[in-house]
Amino acid sequence: MSTVTSEPPKLTIQQRSQQNAERIASELGLDNLKLVNVAVLEAALKEIEKNKEFAQLVRQVFERLAPPKVPAKVPSNNKAKGGLYKTTLVPIGVVEGHRIDLSAAPDPFFLVK
């Protein structure tokens, strides 16, 4: 008779953090999960400062948990040279003596004319 084993469902980072804090609190007989998180981080920092093997272990776990890096997409030539639409803008009219200041608000009196 064969046994079927299924992998446990993937947990989010927050779920993993909560689960690990609960396990540590249970092992140590503590009840405040926020303080457990802070205490573990402070103890880990002290251990990292004096134990390079532990620091390497933390780095390995981090790299295993980190999502894979997705390479940036290189823009194709047609988008870089004008986007989706290859049109040339042509002015439909010219008003002598009037210049548009792009850094200023539109002139409402001119727009009404």
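Side chains are part of it too, since the values below use all heavy atoms of this structure and drop only hydrogens, waters and symmetry mates. Counting from 1, the numbers follow the sequence of the chain as shown.
- When hydrophobic clusters are built by joining Ile, Leu, Val, Met, Phe, Trp and Tyr residues whose side-chain heavy atoms come closer than 4.5 Å, directly or via intermediates, F54 is grouped together with V61.
- From D31, atom CG reaches atom OG of S26 across 11.5 Å, with rounding to the nearest 0.5 Å.
- Applying the side chain to side chain contact (heavy atoms under 4.5 Å, CB included) test between E42 and each of V38, L45, V40 identifies V38 as the sole match.
- When atom types are taken as modelled, the side chain of E63 and the backbone of Q60 share no donor-acceptor pair closer than 3.5 angstrom.
- Residues Q15 and T12 form a side-chain contact, since some pair of their non-hydrogen atoms from C-beta on lies under 4.5 Å apart.
- Proximity of a side-chain donor or acceptor of N20 to a complementary backbone N or O of R16 within less than 3.5 Å is detected.
- Looking at every heavy atom in both residues, A21 comes nearest to L33 through O-CD2, 3.6 Å.
- The line from CD1 of I48 to CD of E53 is 13.0 Å long, rounded to the nearest 0.5 Å.
- Rounding to the nearest 0.5 Å places CD of Q19 at 13.5 Å from CD of Q14.
- Considering only heavy atoms from C-beta on, L30 stays 4.5 Å or farther from L35 through its side chain.
- Annotation: side chain of N32 is not in contact with side chain of V36 (no heavy-atom distance under 4.5 Å).
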For this session: For side chain to side chain donor-acceptor pair (under 3.5 Å), just list the numbers for Q18 and E22, CA-CA rounded to whole Å, side-chain angles, deciding distance to a tenth of an Å, and then say yes or no.
Result: CA-CA 6 Å; Q18 177 76 17; E22 289 171 355; 2.9 Å; yes

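- Residues L65 and V58 share a single hydrophobic cluster, defined by chaining ILVMFWY side chains whose heavy atoms lie under 4.5 Å apart.
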